[in-house]
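Report on the structure given below.
Because only heavy atoms are used, hydrogens play no part in the values below, and waters and symmetry mates are left out as well, while side chains stay in. Lettering of chains follows the sequences in order, A, B, ..., and the numbering in each one begins at 1.
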2 protein chains.
Amino acid sequence: MASIRDVAKKANVAACTVSRVMNGTANVAPETRQKIEDAMKELNYIPNELARGMFRQKSGTVAMLIPSIRHPYFSNLAHCIESKLYEKGYKLMLCSTDGQIEREREYINILKTNIVDGVIMGVSDLEDNEYQQFDKPMIMLDYDAGKKLPIVVSDHEKGGRLAAEKFMESQCRYVIHIGDRELSKVESYKCHTALAHALNAAGIENRFIEIKWNEFDFSGYLEIAKTILEKYPQVDGVMAADIQAAAFLKAALKLGKKIPDDFALVSYDGTYVADVNLVNVTSIIQSADKIGDKTVEILLKLMAGQKLTKRKYLIDVVRKDGETTK
Amino acid sequence: MASIRDVAKKANVAACTVSRVMNGTANVAPETRQKIEDAMKELNYIPNELARGMFRQKSGTVAMLIPSIRHPYFSNLAHCIESKLYEKGYKLMLCSTDGQIEREREYINILKTNIVDGVIMGVSDLEDNEYQQFDKPMIMLDYDAGKKLPIVVSDHEKGGRLAAEKFMESQCRYVIHIGDRELSKVESYKCHTALAHALNAAGIENRFIEIKWNEFDFSGYLEIAKTILEKYPQVDGVMAADIQAAAFLKAALKLGKKIPDDFALVSYDGTYVADVNLVNVTSIIQSADKIGDKTVEILLKLMAGQKLTKRKYLIDVVRKDGETTK
DNA sequence: TTGTACGCGTTATCAG
DNA sequence: CTGATAACGCGTACAA
C-alpha cells in the first residue's frame, strides 16, 4: 500500500505538497504538480480515508438503524436515504436490529465509537434517555424521544382520517385496525387514534388489535387474519400495514367475502406490496422519498453544526384508491 | 471527547496501561486497573474505533454492492448477510448502484480507500479486470469475473430444470422465459439455458425474452407482460423473476386465461413476493440464508489471510409448488 | 512556493 | 507490572 510519503519520495517533494495537490489547499507550481501526479499514477496511490477521517474527526458515514432490511417499508426508505446520502458524499452503514432490543443497544454503543458522523433511528425500543445520551447528530423516525431530538414523521393523523373516509364511503359498520405498538410516543400510532376518532364520530364501531412485530412470516400473518375474521364475523372493514393487509385480503376471500361489497380493506404504508397483488389495494402512502430527503437534509445540517428551526418535521401522506374500497 | 490520554492523566498512569486494561493484552495490578476503570467511567470514555482501525489497518466493516436495496431478493440477501456479519463482529456498509455503471465504478473507487476490509459484489456491470484490480478481499455473487475471484452462486442449472419439470407436468406447449441479461458470465442466465435445453429435449417450444433492469416499476412490468401475452397468444407457460411473474399473473388473468389449465407460471427467486399474492405462485427458491452464510464464511477466511480451497461455491435451490402449475 | 514538525488516538516493542 | 517511544497515514501551522 503506497502512502503519501512514498509518493512524496518518488516525486522528490515533501508529503505535505502531495497533500496540497490532492486537496487543492494551496498553490503548487505546475511542474511540481505534474511530477506528483505522475508519481501518484505510477504508484497507484490511493489516499487512506481512515487516516483522513481520523484527522478531521469525521468518517463520512452515516448509520441507519431499522428493525429489518427485508421489510418493504424500511427497504424502500433505506434506498431513498442511501441515494440522498450518496449524492451528498456520504456512505450508509445499515444496521438491522431484528426487533431485538439488546441488538439495538449494542449497535448504538458501537456507533458511539466515531465510526459514523450521524445516526438515523428507524427503530425505538430503548428508553428515551438512551437516545438523548447519544452525543452525535441523531434523527428519530416515527418516534418522539423528547428533549432536543429531532423527528421526521408522516402525518399519521391525516393518514387515519383518509382511511376513515374510505370506510365511511364503503358503508362499513365494524372496522378493525391492526397495529404493532400501542404507544403514544410512536407517532404512527396516531393513525389509529385518528381513525377511531373519525369512526366514532360517525357512529361506526371499531376495534384496535395489537399484533406483535413478527419477523416477517406471511403464513403467520395469514393465520392471525383468519382467526380475527372468524372471531369477529361482523367485521366489514380492516386497516393494516401492507403485508398484514395482504393477509387479510387473502383470508377474507377464502371466507367467501365479496370485496369491496362485504368487506373493505385499507392498507397502510403503500409500498409496492400493495401494487404487486392481483387486486389493487386501497392504501395510505407514506412518502419514503420525502421522508428520506428531509431526514438527510436536517441530518446534514446537524453534522455541519447548524441549529434546526424546529424539532418535528411532518411529511404529507396521500391515499391511493384501489379495488378494495367503494 | 475524552481520549485515552485524558484517562491516563486522570488515573496517573501512561496511556499504554489504559490500553492494556481495555484489551487485556498484559497483566495490570488490580489497584491500577481499578483506578483506570474509575477514570474511564468518570470521563465517559469511549475508544475511538477510527484510530484503532488506522493502527491495525482494519475498519471492521464490509461493503455490499447491489443494484437496489428495495428489490426483494437483494433486501432479503442483505438482511441475511448483515445478520451473519454482525454475529462475527463486522458492520455492513450498503451500496446501491441503481443499475448505473458509473455509480458502481465510483463506489468501488471509494471502497479502495481503506474504509472497508472486504467487499461483496452483488452487481456486475464493469469489465472483469476492474474487479480483478481491486486489491482487497472480494466475493462475487452470481457473476463469474474469472481469475482468482471467488464466486458464490445458486445452482441455476438445477433451477432451470426444476422449472422445466413443472412446465412439462402442466402440459405446456409454448413457454416464454424472461431474463434481464443474456450473458454467460451472469450465472443466473444458466437457468434459462437449462430450461430451454430441457424443454427442447421434450419438444416444447420456448423463447427467451430480455427485459432490461427497470428501476422497479410494477405498472411498467404489467404493461410489458400484457404486450408479450398479446403478441404471443399461444403462450401457455411463463418463467420470470418474482415481481415480473406477479405482473404476468395479473395480465394473464385479465386476458381471461385459466390458471393453471390454460397458463402455467413459475416464479424465479422465491422471495416473499411470491407468497404475499392472493394466488400461491409456484417458485424456484434461492436460499438467501445459505448464500449469505457461505459468502460471509469465505469472506472472513480471505480477510484473515487464508486461502480458499475452491473458487466457485454452488448453493442448492428448491422448488415450492403452488397453484400456478399442475 | 515548499519543507519541517507536530498532532489526531491507538497499540506494539522494548526497556526498566 | 509499568512507562517511554515509535508507528499507522494524513493535514496544517509555521518557518524558510
Walk along DNA chain D from 5' to 3' and tell me the first and last nucleotide with an atom closer than 4.0 Å to a non-hydrogen atom of chain A. D:dG9 to D:dT12

Would one find a side-chain N or O of A:Thr17 under 4.0 angstrom from OP1 or OP2 of C:dG3? yes

Do any N or O atoms from the side chain of A:Arg181 and from the backbone of A:Val186 form a donor-acceptor pair under 3.5 angstrom? no

Whole-Å distance, A:Gln34 CD to C:dT1 P, equals 17 Å

Quick check: are there more than 12 heavy atoms from other residues, nucleotides or ligands sitting under 6.0 Å from NZ of A:Lys9? no

Among residues 112-119 of chain B, which residues get a heavy atom nearer than 4.0 Å to DNA chain D? none

Test side chain to side chain donor-acceptor pair (under 3.5 Å) on B:Asp269 and B:Gln286; report intermediate values, then the result. CA-CA 5 Å; B:Asp269 283 353; B:Gln286 296 195 58; 2.9 Å; yes

How large an angle, rounded to 10°, do the end axes of the helix from C:dT1-D:dA16 to C:dG16-D:dC1 enclose when each is built from five base pairs? 50°

Is any side-chain N of the basic residue among A:Glu297 and A:Lys84 closer than 4.0 Å to the acidic one's carboxylate O? no

Partners meeting side chain to side chain contact (heavy atoms under 4.5 Å, CB included) with B:Asp128 (sequence neighbours left out): B:Gln132, B:Tyr143, B:Ala145, B:Lys185

For the residue pair B:Thr113 and A:Asn48, establish whether any side-chain heavy-atom pair is separated by less than 4.5 Å. no

So ring pair (Phe, Tyr, Trp, His ring centres under 6.0 Å) across residues 80-102 of chain A, not counting sequence neighbours, yields A:Tyr86-B:Tyr107

Go along nucleotides 11-16 of chain C 5' to 3' and tag each nucleotide: B for a protein heavy atom under 4.0 Å from its base, S when only backbone or sugar atoms are that close, - otherwise. BBB---

Rounded to the Å, how far apart are A:Leu50 CG and C:dG9 C1'? 12 Å

A:Met54 has an atom CE; how far is it from atom C1' of C:dC6, in whole Å? 13 Å

